[in-house]
Structure formats: C-alpha cells, structure tokens
Amino acid sequence: MTASTTATHRVRVGTTTLEVAPDQTILDAALRANAWIPHSCTQGTCGSCKLSVVCGRVDHRDSPEYTLTAEERERGMALACMATPCGEVTVEPIGAIDESIPRQPLRDHCGTVAEITEIADHTRRLVVDLDDDMAFNAGQYCELVVPSTGTTPGTVVTRQYSMANPPSETRRLEFHIKLTPGGVATERWIFSTLAVGDRLRLRGPLGQFHLVAEQTGPGILIGGGTGLAPLCSIASHALEHNLIPEIHLYHGGRRRADLYDVERFTVLAATDSRFHYHPVLSEQEWDGATGLVTDAVLADFSSCKGMSGFLCGPPPMVQAGVKALKRRRMAPRMIFREEFPAIPATTPQE
C-alpha cells in the first residue's frame with residue numbers, strides 16, 4: 001500500500017511541500033503528511049477532493065468523466081484521489097478546510113481478526129486488533145486491503161468500512177459489513193475464507209464525516225443498513241464526552257432480519273435518558289415503526305430547528321433524509337452526511 005519512494009516528484013499543497021511517488025495519488029501523499037485535503041470516497045466517484053492545478057501537470061488516470069468533466073480538466077482541475085504527478089506540481093484544494101477540526105495522518109496498519117460473526121441477514125461484525133494505535137475522529141472509515149488482488153498501488157483492491165467503535169478504542173476496530181453477491185471483498189473473502197486469527201492490512205483514517213465538536217441542541221442520527229456503523233461510533237463518543245445533549249438514533253431496514261444490535265440499543269435507551277432508539281422497517285409489519293426511515297423522522301418531529309443531523313447509508317436514503325431535515329427547518333450547515341460510494345467500473349465487482 002505504501003507507494004514507492006524512488007523517483008519522487010515534488011508537489012506543493014497549500015503551504016506544504018510533499019515528495020510524491022509517480023504511482024502515488026496526491027491525496028494519499030497529502031494525508032500521510034497530515035496536509036488536509038477535503039475528501040470522501042477516495043475512488044473518484046464523489047468529487048469532493050477536487051483540486052486546482054496551479055502549476056505543472058498531472059495524470060488523471062481513471063478519473064470518471066461524470067466526476068471530472070473534460071471542461072474541468074481543461075480549466076486545470078483534478079481529483080486528488082485519482083491524480084498522480086507527472087513532475088513538479090503546485091495544487092490548491094477547492095473545498096473549504098476547517099482548521100479547527102483535529103486531523104490524524106493517514107497510516108498503513110496491520111492487525112489480527114479477533115471476531116467475525118453474523119449479526120443480521122447477510123451482515124457480519126468484523127473486529128480487528130491492530131498492532132499499533134490508530135487515532136481517528138468518530139465517524140471516519142478505513143480501507144481494508146483485499147488479499148491477493150495486486151502487488152502495486154494501482155492494482156491493489158481496497159474496500160471502505162466505517163469504524164463502529166468510539167475513538168477512545170484505538171487498538172480494536174469494529175466494522176459492520178454487508179454481503180454483496182460476487183463481491184471480491186465480501187463474498188470471495190470476508191464471507192468465505194476470512195477467519196479469527198487471520199492477519200489483514202488496512203489504512204486509515206479517512207473521510208470527513210465525523211463528530212468532533214460539542215452540539216448545543218439534540219442530534220438526529222439516521223442510518224440505513226450498515227450505515228449504522230459510523231453512527232454507533234458517533235453516538236458512543238457523544239455520550240462518553242457529553243457532546244450532544246440528546247440523541248435520537250434511527251435505523252432503517254427492509255425486514256426484521258436486517259436490524260442488529262437491537263437489544264444493545266434498547267437497553268441503552270432504558271438506562272440513559274440522553275439516548276433514544278428508533279428502528280424502522282419498510283417492508284414488514286411488526287410492533288415498531290414502519291415505512292421509510294426518513295418518513296419516521298418527519299412523523300416524530302414538527303421542527304428540527306437548533307438540532308444537528310448525521311446521516312449515513314445508500315444515496316437515496318441520505319438525500320431523502322437531508323430533504324426531511326431541511327423541511328423541518330434544520331440548518332443545512334448542521335446536516336452532516338456520508339453516502340455509500342459507488343464502486344468504479346475499473347475495479348473488480350463489489
């Protein structure tokens with residue numbers, strides 16, 4: 001995963017100068033040097049890491065046309081997560097950077113599988129004991145390296161999974177993983193051959209979906225499927241440090257078999273008055289809420305003014321959630337989201 005150190009190119013990002021290998025992306029090099037560039041998917045699909053190439057030339061590699069258009073390339077724009085330097089380059093991030101947010105440098109890690117258990121329909125909990133500490137913000141994610149998929153940075157296959165544990169747990173990471181039929185990481189590895197005691201490689205932390213600052217009003221957390229994972233981290237961190245005075249956690253699934261950790265959240269809601277748990281099913285009648293999880297939020301709140309929102313899951317759910325919270329007068333700047341990224345067509349099916 002670590003790029004070659006031979007024949008490096010000098011890349012200036014803001015006030016930081018980096019030595020970047022020809023096969024290393026600008027984003028990877030910058031994050032390893034703790035030079036922050038806004039980013040989300042790291043796969044060229046979201047466009048949040050766009051840069052302005054002020055001087056020099058980059059190789060756009062497989063940057064998708066729908067994310068970085070030909071016109072944008074002509075104007076000197078590039079995707080930091082895809083672009084590699086062709087020589088000495090100066091770039092400037094386009095996205096806003098909040099200097100008050102604590103950052104941890106991107107690092108390669110190794111660990112041992114401590115637990116892998118079925119927790120819901122075609123969903124597993126993967127717990128990894130790291131060889132060394134990983135500092136991260138609640139809500140961030142890691143990239144797991146799929147074994148035997150390549151030997152160079154351009155051919156190694158990685159998949160992104162959010163940490164479900166709070167940042168106070170720096171040596172043991174928990175991930176919630178959904179099976180994708182034919183998936184090179186899930187069906188062919190995590191759901192087939194991966195076992196307790198196995199060694200694996202990962203890199204992190206990544207992403208800008210997080211909770212780091214105290215919120216003055218209640219928080220609404222909305223997760224679809226395994227989008228629950230980063231919300232678990234955020235909720236645990238918030239309760240541990242009193243960052244949100246009241247938390248409403250909504251978890252949406254199609255059927256009862258899609259829900260998990262129900263007992264844990266039910267007990268937490270019964271013992272901590274700051275926490276409220278709202279499971280919602282869209283395709284099965286039961287004794288709980290039914291319909292779309294975002295509609296359940298609309299039904300429960302006549303106003304979300306002064307509150308904050310954290311959403312994670314499939315893009316349609318996240319987009320519907322943003323609309324619902326805005327409809328209830330939540331300030332757009334207080335809505336934080338993480339959409340499951342689409343897998344680029346140039347990588348193996350996942």
Compute whether any side-chain donor of one residue and acceptor of the other, for [X] and [Y], lie under 3.5 angstrom apart.
X    : Y    : answer
E115 : T117 : yes
E338 : S162 : no
R254 : S282 : no
S303 : R328 : no

Classify the angle between the aromatic ring planes of Y277 and F275 as parallel (below 30°), tilted (30 to 60°) or perpendicular (above 60°). parallel
Classify the ring geometry of H248 against H278: parallel below 30°, tilted from 30° to 60°, perpendicular beyond 60°. parallel
Looking at [X] and [Y], would you say the former's side chain and the latter's main chain have a donor-acceptor pair under 3.5 Å?
X    : Y    : result
Q208 : H39  : yes
S40  : G207 : no
R73  : L68  : yes
T67  : C46  : no
D28  : T25  : no
D108 : R201 : no
Q284 : R256 : yes
H176 : R124 : no
T123 : I119 : no
T8   : E19  : no

If I compare all heavy atoms of [X] with all of [Y], which pair ends up nearest, and what's the gap?
X    : Y    : result
E174 : R125 : OE2-NH1, 2.8 Å
G309 : L325 : CA-CD1, 4.1 Å
L126 : V113 : CD1-CG1, 3.8 Å
L206 : Q140 : O-CB, 3.2 Å
P64  : L79  : CD-CD1, 4.2 Å
P205 : L106 : O-CD1, 3.8 Å

Euclidean distance, [Y] [atom2] relative to [X] [atom1], rounded to 0.5 Å:
X    : Y    : atom1 : atom2 : answer
L221 : L211 : CG    : CG    : 8.5 Å
Q104 : D133 : CD    : CG    : 12.0 Å
C49  : Q43  : SG    : CD    : 11.0 Å
M82  : T84  : CE    : OG1   : 9.5 Å
C55  : E92  : SG    : CD    : 12.0 Å
E187 : S192 : CD    : OG    : 7.5 Å

Can you name the one residue among E143, R159, M134 that meets side chain to side chain contact (heavy atoms under 4.5 Å, CB included) with L202? M134
Walk me through whether T42 and T158 qualify under side-chain contact (heavy atoms from CB on, under 4.5 Å). CA-CA 10 Å; T42 72; T158 61; over 6 Å; no
Please indicate whether R337 has more than 12 foreign heavy atoms, meaning atoms of other residues, nucleotides or ligands, lying under 6.0 Å from its CZ. no
Take D132 and R107, measure what salt bridge (Lys or Arg N to Asp or Glu O under 4.0 Å) needs, and give me the verdict at the end. CA-CA 11 Å; D132 54 0; R107 293 287 183 265; over 6 Å; no
Report the C-alpha separation of Q319 and E339 in whole Å, then their side-chain angles, then the decisive distance to 0.1 Å, and conclude whether the side-chain contact (heavy atoms from CB on, under 4.5 Å) test is met. CA-CA 9 Å; Q319 292 159 16; E339 297 182 3; 3.7 Å; yes
Distance under 6.0 Å and angle within 45° of ring axis: R103 vs W36: yes
Short N-O contact, E246 and R274, less than 4.0 angstrom: no
I want to know whether F336 and H210 have ring centres closer than 6.0 Å. no
